[in-house]
Amino acid sequence: MLWRYIAKRLLIGVVQLFGLIIAVFFLIRLLPADPVSRLVGMNASEEAYAQAAAQLGLDQPVMTQLAQYLGLQPSVQPGLLQGSLGISWVTNEPVLSEIGAYLPVTIELITLAFIVALLVAVPVGMLGALNPGGRTDKGVFLYSLFAGSQPEFWWGLLFVYVFYYQLGVAPPPLGRLSPMTNPPDFVTGFMLIDTLIAGSLPKFLEALHHLMLPVLTLAFILSGPIIKMVRQNMLRALQSDFVLYANCIGLPKKRVARYALRAAMAPSMTLIGILYGFMLSGAVLVESVFSLGGIGQYSIRSVLAFDYPAIQGVVLIITAISLLVYLLLDLVHAAIDPRIAH
Amino acid sequence: MTLLTVRNLQVTYRSETAVSRPVDGASFTINPREVVGLVGDAGAGKSTAALALLGLARAPGAITGGEVIFEGRDLLKLPEDDMRAIRGRDIGIIVQNPRAALNPLLRVGTQIGNAYKAHNQSTEAEARKQAVDMLRMVGINDPDRRVEAFAHELSGGMAQRALIAMALSSRPKLLIADEPTSGLDVTIQAQFLDEMWQTVQATGSAILLVTQELGVIANYCDRVLVLHDGRIVEDAPVRQFFESPRHPYSQDVLRLFRERGGEYPAQITGDRNFLKTDALTKHFPLRNSKKVVQAVDKVSLSIGRAEAVGLVGESGSGKTTVGRCLLRLVDATSGQITFDGTDITALLPADMRKIRSRMQIVFQDPYDSLNPRWTIEDLLAEPLRVHGTPDRATVRAKATAALKLVDLDPALLDRKPRGLGASTLQRVNIARALILDPEFVVLDEPTSVLAPRARNGLIALLAKLQKDLGISFLFISHDLTTVRYLCQRVAVMYLGQIVEEGTVEQVFSTPRHPYSAALLSAHLFPDPINRRVDHPVPAALQGEIPSPIDVPKGCYLASRCPHALEACRATAQTLTQLPDGRQVRCMRVVNGDI
């Protein structure tokens, strides 16, 4: 039953992705942009222009381009069906391997940030709901007044100023490892994992140290909505009939609180999933401040250069990950709440 | 020695703008093993008082005064932990809307086990065994499987039983039952209350039974407390309460019962076939299937001029669909409807519209059927505008007259539905139905959301309208007491068919069809002399109502009927007239076997 549900969701996901590929493919080509002249320059001769266009395949009819992209003509060039996202027009590297290098940076960053944010925000939101108007609540109000109203890159800069420049507890914001350190061999792209695979504990700790400030910045921003949501859901759960009834039959206070928390977490899953999907490309400002070459920066570079294969590849991969995250959280939600039927 | 003494209990709700005290100085006592009824209007503070006995109040309310003395200790002065120990162990409670009171995320057995473990030293396995035993005790079949169920998998009756299993798991000395049967079907209501009564007799608990239903009070309680404006205004043994209520509120509630006594409404004379259906049938197609839901099955019904005909039956029996077919709000699949000599089954929309001004409908939920953004005048004027566009002055005059007709103050015309009570809004609905001077009105459970006092008022109003204006009513209801006071004739429906039809007196005093008999025996009439708990009750029908998708070949009731023979299962039953004029769909009754 469960496996059938997962299979069905994955199948639907593939259909969604296919629709998205087609849409993005045509929408990009509708833009009033000329990627060829962006590559060869405004003053290039007509021959050079034509040669570049032919090289990019842009002289072909649109439908032929689409067929090639999808991999329906593997004799000409490999496409999606062959597991290729195409070749970047800017770097001449395969898009897939580029994304493979950039994406883990972002995933590592936001996953850690989410874990930290949840560890802080859930208890804080709970306390706020258990004692509305109390000290926790007032603190949260002050925090949301500041955190919510200022952009994250500003907080990043501020944290760099305080923790690196003033206190000196954080490393400079210059990437994932110190510039003097030799990075470990590329295996997964996740620095924390690759350093461990390389068997170097000092490098692992250094990577963790470098992640400290960016994770802190993101977690600081993410905690706002999560606290608010947990508090809201918790308040609703505490006012529900079944919590009142749990009190009526004299269950211990702790058990009543557990009843309420579980009921509050179930609906929170959805928002966490949406936030995660959003952060995949939304973490770009923090990545820039800390010189982390993440997927957000890769997207911006591709868009500015009209690098069609790269743009298509990024959209495809980010959507696929979002869909997987949604599926995962739906499964967690269903495990918490038996009313969600597959 | 009293079990519980309440003195000057006060609960206060404080908002930024107002302070209200739903319970304000209530005092009463409960003796061991006594069944005490607590009655009062909706909003009289009954549920608030019941919760306050446990030292609880819904936010933002708080208990602001009084004493609740239970076995010599004032519960309101106890420390939190001692109070928690008493809740559930010495005082159990069951509440209305049981499904919401169960934790939706945990299995029922786990919840009962948790309640048991909170008050008894026990292992996980013992708690689970206790859960199974309790579920069996409250009459749940297959308790070993049911402990694994979640709240949403239980029916309302089942959930209420699970709640009572939890409440009684530690054998409390007092059980508070707060409207335990609201939302249950009539047939299950009596069965549940019987079971609760028997269970409590077995555990030796006293009951405080909070209810609005006089039938429940009369059949189960030893003593009645009347809560009005936050105080107990009457405290009397149940028979004395019904014979000579002292407080004006009690007198009001019991007015119909006292005035009408055993009388039935007088039969009408004249045109008996003002509205007539012939083999009216309605099927709803099922999606992705060739099968259909057979909602109404060959219903032939006639309603005379100025006659009120009751249509009764369990939920899902097709009552509402019949009402909607009559006005062609849904079109019948087959059959014929004749209104005042005209066949309206296939009238064109323009002609139907003309007829429609002569037939109206009032729906069950008064809140849902009135647009909250319109004023009462707009609401009343809408039918007038639809059927011709009279000038403003005429609309105003007619709207005023319509409000007066239903005993409402014309000052309401400029108000919006918000803030008006259910009974006022239901009167507005009736006024809106009456504003076109209809000759026939379908009333679809118009009293089911009303408190008893408002219900009495509405019944009196409908009877007056029927007499003064000569309107015919189809009164759809599961409340047999109301039907008994209002209708001349009654038709009993089961699974889309009429199984018995006759005068109210015939059907109510000597029901012949086994289903009518079961329905009437399950109904709690407000009669404290002939109490259910004092004599053996005829067994309720076994099993569940069959699915209207795959209806049985023979008699629809055969699977549940104690009199069923092989022949009943094989042959379809026909509605046959008996010598006394009533019609019954049962071959054994017609043959004189039962």
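Note on naming: letters A, B, ... go to the chains in the order of the sequence lines (proteins, then strands), and numbering restarts at 1 for each one.
A distance of 11.5 Å separates CZ in A:Arg258 from CG in B:Asn103, rounded to the nearest 0.5 Å. Atoms CD1 and OG, from A:Ile249 and B:Ser170 in turn, are 9.0 Å apart once rounded to the nearest 0.5 Å.
Within the 4.5 angstrom heavy-atom criterion, only side-chain atoms of A:Arg255, from C-beta onward, approach chain B. In this structure, the portion of B:Leu54 lying under 4.5 Å from any heavy atom of chain A is its side chain and not its backbone. With a threshold of 4.5 angstrom between heavy atoms, B:Leu163 approaches chain A through its backbone and through its side chain. For B:Ala167, the parts sitting under 4.5 Å from any heavy atom of chain A are the backbone and the side chain alike. For B:Gln111, the parts lying under 4.5 angstrom from a heavy atom of chain A are both the backbone and the side chain.
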Determine, stepwise, if the pair B:Arg99 / A:Asp241 fulfils side chain to side chain contact (heavy atoms under 4.5 Å, CB included). CA-CA 9 Å; B:Arg99 257 183 297 198; A:Asp241 279 7; over 6 Å; no
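Side-chain contact, B:Arg84 with A:Asn247: a donor N or O sits under 3.5 Å from an acceptor N or O. Between the side chains of A:Tyr259 and B:Asn114, at least one donor-acceptor pair of N or O atoms lies under 3.5 Å.
Considering every non-hydrogen atom in both A:Gly250 and B:Ala118, the closest pair reads O-CB, 3.8 Å. The two residues B:Ala101 and A:Tyr245 have their closest heavy-atom pair at O-CB, 3.6 Å. The two atoms that bring B:Leu51 and A:Cys248 nearest to each other are CD2-SG, 3.5 Å, heavy atoms only. Counting all heavy atoms, side chain and backbone alike, B:Leu105 lies closest to A:Arg339 at CD2-NH2, 3.9 Å.
The choice from B:Ala59, B:Gly92, B:Ala100 that makes the most heavy-atom pairs within less than 4.5 Å of chain A is B:Ala100. Note: B:Arg87 leads B:Arg58, B:Arg87, B:Met83 in heavy-atom pairs under 4.5 Å with chain A.
Between A:Pro338 and B:Arg107 there is no side-chain heavy-atom pair separated by less than 4.5 Å.
For A:Phe18, the CZ atom counts as loosely surrounded, since its 6.0 Å shell holds 12 or fewer non-hydrogen atoms of other residues, nucleotides or ligands. Environment of CD in B:Glu80: crowded, with over 12 heavy atoms of neighbouring residues, nucleotides or ligands closer than 6.0 Å.
With B:His119 contributing its side chain and A:Leu251 its backbone, the two residues share no donor-acceptor pair below 3.5 Å.
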